[in-house]
Peer 1: 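Take a look at the following structure, please.
Hydrogens, waters and symmetry mates are skipped; everything else that's a heavy atom, side chains included, is used. Residue numbering restarts at 1 for every chain, and letters A, B, ... go by the order of the sequence lines.
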Number of protein chains: 2
Amino acid sequence: MTSGLRERQKIDRSNRILDVARDRFQSEGYDAVTIESIAADANVSAVTVYNYYGTKANLLLALVKESDERLIAQLRALTESLPLDIREAVAEFGQIMRRHAMTYLTKRTWREVIASSILQGGRQFGQTYQALDRVLIGIMADIMVIYQQQGSLTPEIEAAGFADTLFEMQNIRFFQFVSDDDQGEATADQIFRRDVWAIFATKQVYHHSEIRT
Amino acid sequence: MTSGLRERQKIDRSNRILDVARDRFQSEGYDAVTIESIAADANVSAVTVYNYYGTKANLLLALVKESDERLIAQLRALTESLPLDIREAVAEFGQIMRRHAMTYLTKRTWREVIASSILQGGRQFGQTYQALDRVLIGIMADIMVIYQQQGSLTPEIEAAGFADTLFEMQNIRFFQFVSDDDQGEATADQIFRRDVWAIFATKQVYHHSEIRT
DNA sequence: TAAGAAACTTTAGTCACTAAAAATATAAGT
DNA sequence: ACTTATATTTTTAGTGACTAAAGTTTCTTA
């Protein structure tokens with residue numbers, strides 16, 4: 001653990017690249033910025049950028065990752081003050097994710113991120129994305145457990161698996177939201193709500209001994 | 001509507017391009033084939049290929065579309081001989097789609113198709129994909145209506161919306177399936193089944209006056 | 001048949017990305 | 001300190017998707 005010079009230089013270089021990329025993507029937009037120009041600004045060669053981040057989209061992904069903690073914090077905050085209706089909780093979960101996403105990148109750029117993460121297919125760099133997903137699914141699972149404990153979600157359902165289902169439903173609606181420049185956040189919210197209400201229909205526990213035929 | 005020479009030539013050219021692309025993609029694989037070489041074989045310039053199909057991935061998409069009718073036929077066949085359990089029907093729907101997909105393209109190539117259709121974001125060429133989706137959702141909706149009519153799915157649910165939800169759920173599981181080279185069809189089937197069983201929990205109509213508390 | 005329009009080809013270029021060789025700087029051994 | 005080994009980066013050269021614009025061919029139509 002000597003943390004030699006070589007090691008420090010690597011960290012420094014990767015930070016420089018990230019710093020430059022953040023600034024330029026922000027001010028000029030993803031497409032307008034070339035890897036070559038990022039490399040120049042960061043005082044490395046273009047090949048070095050590729051060695052560090054693999055692809056242009058991955059560089060973007062590394063940037064996105066920086067905001068992960070904030071997103072996780074927001075979702076954990078939701079866990080602290082959950083609405084009475086479990087469906088509202090899930091809908092809000094989706095809304096938080098959508099809003100968060102839109103504050104960091106444009107739809108155009110999100111498409112780039114999603115497309116490249118599909119292309120990479122879980123390999124090498126592509127795993128960054130998956131790691132976050134797992135954490136988020138975990139939070140969703142926690143929420144399900146809470147509703148089960150307070151008796152408003154039937155305990156027959158396996159929380160983790162169900163959380164995964166809900167999360168992926170939210171995920172594909174996000175893909176669609178991002179793929180359609182005309183779809184506003186309000187519409188996206190409506191669509192996901194419809195999903196959630198359909199999925200939860202009669203899945204809640206009714207306390208006043210209701211009868212179904 | 002004279003169907004002039006010019007028009008016929010265009011059709012002929014686009015067919016030639018598609019024919020060559022089909023053969024080469026099939027025998028050499030998507031990545032190994034260059035647009036330039038397709039153009040050469042089809043006796044047009046590369047730019048003409050771009051003018052006709054926009055991108056390489058779109059050329060692929062045009063090929064995929066050829067098998068659409070077969071897929072639609074298979075799903076309609078399912079509609080004719082539905083299982084008793086609605087959940088089995090939905091699971092089978094997913095299985096048919098997965099199997100069909102795998103007979104035409106490799107996972108690697110599907111990733112390419114999906115990624116590019118996300119990138120294009122519903123614009124121009126990208127709509128091809130959406131058109132098929134709408135048809136498939138329609139079939140799923142038909143299936144839901146049938147179960148409602150025969151009294152095994154609660155009529156409170158709006159069939160079209162619910163079909164959309166189920167279809168998209170299947171869709172994202174397909175994305176995941178294709179993104180993970182290690183995920184076999186059996187696993188994919190299991191995962192989607194878990195989704196479907198969770199979604200349908202208590203959504204069916206129980207004929208023998210069961211009671212829930 | 002000649003003007004006009006449509007469609008194609010050529011040309012030139014940008015950019016992401018890759019492989020391999022060459023250069024350079026750090027680490028390690030003496 | 002000095003040399004050798006090694007890690008890492010840069011240079012070089014190239015492929016291939018994709019685009020814009022100018023030039024050329026070919027069909028259409030008056």
Peer 1: Could you list where the contact with chain A starts and ends along DNA chain C, reading 5' to 3', using a 4.0 Å heavy-atom cut-off?
Peer 2: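 Nucleotide range with atoms under 4.0 Å of chain A: C:dC15 to C:dA27.
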Peer 1: Check ring-ring contact (aromatic ring centres under 6.0 Å, His included) between A:F167 and all other residues, then give those that pass, not counting sequence neighbours.
Peer 2: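 So A:F167 forms no ring-ring contact (aromatic ring centres under 6.0 Å, His included) with any residue.
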Peer 1: Looking only at side chains, do B:E168 and A:Q176 share a donor and an acceptor under 3.5 Å apart?
Peer 2: yes
Peer 1: Heavy atoms within less than 4.0 Å of DNA chain C: which residues of residues 13-31 of chain B have one? Give them sorted by number.
Peer 2: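 B:R13, in order of number.
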Peer 1: Could you pull out all residues at least two apart from A:D19 that satisfy salt bridge (charged side-chain N to carboxylate O under 4.0 Å, His left out)?
Peer 2: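 For A:D19 the salt bridge (charged side-chain N to carboxylate O under 4.0 Å, His left out) partners, ignoring immediate neighbours, are A:R22.
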Peer 1: More than 12 non-hydrogen atoms from neighbouring residues, nucleotides or ligands closer than 6.0 Å to CD on A:E36, yes or no?
Peer 2: no
Peer 1: Residues two or more places apart in sequence or in another chain: which of them pass salt bridge (charged side-chain N to carboxylate O under 4.0 Å, His left out) with B:D41?
Peer 2: B:R24
Peer 1: Hey, is A:E112 close enough to A:K56 for a salt bridge, meaning N to O under 4.0 Å?
Peer 2: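 So A:E112 does not pair with A:K56 through a salt bridge.
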Peer 1: Would you work out how much the helix from C:dT1-D:dA30 to C:dT30-D:dA1 bends between its ends, with each end axis defined by five base pairs, to 10 degrees?
Peer 2: 0°
Peer 1: Name the pairs: protein N/O against N/O of nucleotides 20-24 of chain D, kept only if under 3.5 Å.
Peer 2:
none

Peer 1: Looking at the rings of B:W110 and B:F174, which for Trp means the six-membered one, are their centres under 6.0 Å apart?
Peer 2: yes
Peer 1: I need the full list of ring-ring contact (aromatic ring centres under 6.0 Å, His included) pairs touching residues 6-45 of chain A, with sequence neighbours left out, sorted by first then second residue.
Peer 2: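 Pairs touching residues 6-45 of chain A that pass the test: A:F25-A:Y30.
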Peer 1: Any Lys/Arg nitrogen of B:D180 or B:K107 sitting under 4.0 Å from an Asp/Glu carboxylate oxygen of the other?
Peer 2: no
Peer 1: Quick one: ring-ring contact (aromatic ring centres under 6.0 Å, His included) partners of B:Y147, sequence neighbours excluded?
Peer 2: none
Peer 1: For B:D31, which residues count as a salt bridge (charged side-chain N to carboxylate O under 4.0 Å, His left out) partner, sequence neighbours excluded?
Peer 2: B:R108
Peer 1: Mind checking side chain to side chain donor-acceptor pair (under 3.5 Å) for A:D68 and listing every partner two or more places apart, or none if nothing turns up?
Peer 2: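 Applying side chain to side chain donor-acceptor pair (under 3.5 Å) to A:D68 gives none.
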Peer 1: Which pair of heavy atoms, one from A:Y53 and one from A:S14, lies closest together, and at what distance?
Peer 2: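 A:Y53 and A:S14 have their closest heavy atoms at OH-O, 3.0 Å.
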Peer 1: Can you give me the N/O atom pairs linking the protein to nucleotides 3-7 of chain D at distances under 3.5 Å, or say none if there are none?
Peer 2:
from	atom 1	to	atom 2	distance (Å)
D:dA7	O4'	A:R6	NH1	3.3
D:dA7	N3	A:R6	NH2	3.3

